[in-house]
Amino acid sequence: MTLKKLSVSALILTGLNFTCFAQNTASLAISNDSKLTISKHIYGQFAEHLGHGIYGGFWVDKSLPVAKQDRIRLDVVAALKEIKIPNLRWPGGCFADEYHWRDGIGPTEQRPRMVNTNWGGTTEDNSFGTHEFLQLCSLLGCEPYIAANVGSGTVEEMSKWIEYVNSNSTSTVAKLRKQNGHPDPYKVTFWGIGNESWGCGGSMTPEFYSDQFKRYASFAKNYPGAPLKKIASGPNSDDYNWTDVIMKNIPDWMMWGISLHYYTVPTGDWGHKGSATSFSENEYFETMVRCLKMEELVTKHSAIMDKYDPKKHVALVVDEWGVWTDVEPGTNPGFLYQQNSLRDALIASTTLNIFNNHCDRVRAAALAQTINVLQSLILTDKDKMLLTPTYHIFDMYKVHQDAKYLPVQLTSPDYVVDGKKLPAINVSASQDSAGKVHISLTNLDLHNNITISTSLKDIKWKKVTGQILTSANITDINTFDQPDKLHLINFTGAKKDGDNLVVVMPAKSAVTLELE
Ligand code: AHR
């Protein structure tokens, strides 16, 4: 019996209106037949030396009237701890391949200054360096993920950075860390070997980069208690040849993961990306088509990886993703400051559903870029801060971190605009260690509520609760005047109906349900 027939009979049995099924009804089946875990590292974040992400975001002026530890802002730390961010990638991005770690240690006033050539030509004073970053990660309770400089650095420089951070020996470089105030090794395991080596990281061919990777990786040493997870610079979007060459040339034991970068650009035109706050339904639709491309990218890159690594030793690490719009009018174009709407929240929920459903291969990811840059979780204005709609999605989705993946089968109605269609509903599900089942649903349709009839095979449950993020308009945002316009509220649109779960998903909403 097909899934659709099952749902039809379930609806007939429960007396629900059949005519409603034809138009605005989806059917969903969830099973617990899986041994896979959704890695918490899928929920990672990225913070580059770019605009007001680090400086003015995490790391603020001593005179700013907010609670701080050294110069780390504690209100943003508390907000990020609340959503349990599992890792933080740093220092770039493109900045990583012009960053020289020795410039960022020792007495602050003696640190050299440099020009941030990628991002606005600002003067980087190196006051936020290795120790400050690792202190931040310790406050956040998250794992650091350091991207090492391959493009303009040397093997020696990267190798010594790892030794500086992780070695407990009496070597000169390990002693230097101790002199600089950290007697114990930091034990950082996530290391990126370059960033976008096909572009700002050195404009390399995949053949050349694979040789470089092997050279650098050979001198990226494990120190006690810190076995490295080396992550190769992976493809740009749909550059499948890059993945093929890297997977062919680099043995799987040498790399923990290969990265993938893909941004959702609303118009698809990098010259005019589209506004973050003002867009038509047509543009929203096209944006969602581009967002859903992540499904195709992950599927196709994974298939190439399967050819060389059928046992899936190597992770696909989507360590830059999110919506990239035009900057807010009047702001520095090099600072990538953009507002964040309900649309962006639905981009986040949809993308996280894709990652959850591909957790066999996608075992880490990082949204770009945490505070004040691109698709942020937090925006700050001097001593004020606000949580973006995207933040609330990460809050709802934290229940999936390290939970058992539950396979889903969905038949969704289409969301149709000007005769073009995309699936209105997307979903992922998991079961936590206490046995609670969490189902995350997104309805991309701007106009229609959709009723979803769900069968849960071999899953016992008695009660359903949930949370929802939605708003009157898809362009709605949180502002410093109205910082709480979009926030999570309790969701009452899900009911137990016999063994079935029936959910009425409001238009343009994201919901996470808890079944216990
Ligand atoms: O996230 C902004 C930039 O996008 C990063 O620096 C780079 O890696 C990518 O091109």
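Throughout, numbering of the chain's residues begins at 1 and tracks the sequence. Heavy-atom basis, side chains included; hydrogens, waters and symmetry copies ignored. Ligands are counted one by one from 1 in listed order, and the atoms in each one are counted from 1 as well.
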In terms of atom number and element, which parts of ligand 1 are under 4.0 angstrom from non-hydrogen atoms of [X]?
| X | result |
| --- | --- |
| C94 | 5 (C), 6 (O), 7 (C), 8 (O) |
| N195 | 8 (O) |
| E196 | 7 (C), 8 (O), 9 (C), 10 (O) |
| F46 | 1 (O) |
| G93 | 5 (C), 6 (O), 8 (O) |

Ligand 1-proximal atoms of [X], by part, heavy-atom distance under 4.0 Å:
| X | answer |
| --- | --- |
| N118 | neither |
| Y263 | side chain |
| W119 | side chain |
| L374 | side chain |

Can you tell me which residue and heavy atom of the protein come closest to atom 6 (O) of ligand 1, and the distance to 0.1 Å?
E48 OE1, 2.7 Å

For atom 4 (O) of ligand 1, what's the nearest protein heavy atom and its distance?
E320 OE1, 3.2 Å

Min N/O separation Q369 to ligand 1 under 3.5 Å
yes

Would you confirm whether R71, through its side chain, and W59, through its main-chain N or O, come within 3.5 Å as a donor-acceptor pair?
no

Between [X] and [Y], ring centroids under 6.0 Å:
| X | Y | answer |
| --- | --- | --- |
| H41 | Y145 | no |
| W90 | Y99 | yes |
| W270 | W324 | yes |
| Y397 | H438 | no |
| H131 | Y164 | yes |

Please evaluate residues N473 and D476 with respect to the criterion side-chain hydrogen bond (donor to acceptor under 3.5 Å, both in side chains), reporting the C-alpha separation (whole Å), side-chain torsions for both, the decisive distance (0.1 Å), and the verdict.
CA-CA 5 Å; N473 306 297; D476 283 350; 3.2 Å; yes

Report the C-alpha separation of T390 and D344 in whole Å, then their side-chain angles, then the decisive distance to 0.1 Å, and conclude whether the side-chain hydrogen bond (donor to acceptor under 3.5 Å, both in side chains) test is met.
CA-CA 6 Å; T390 298; D344 305 345; 5.6 Å; no

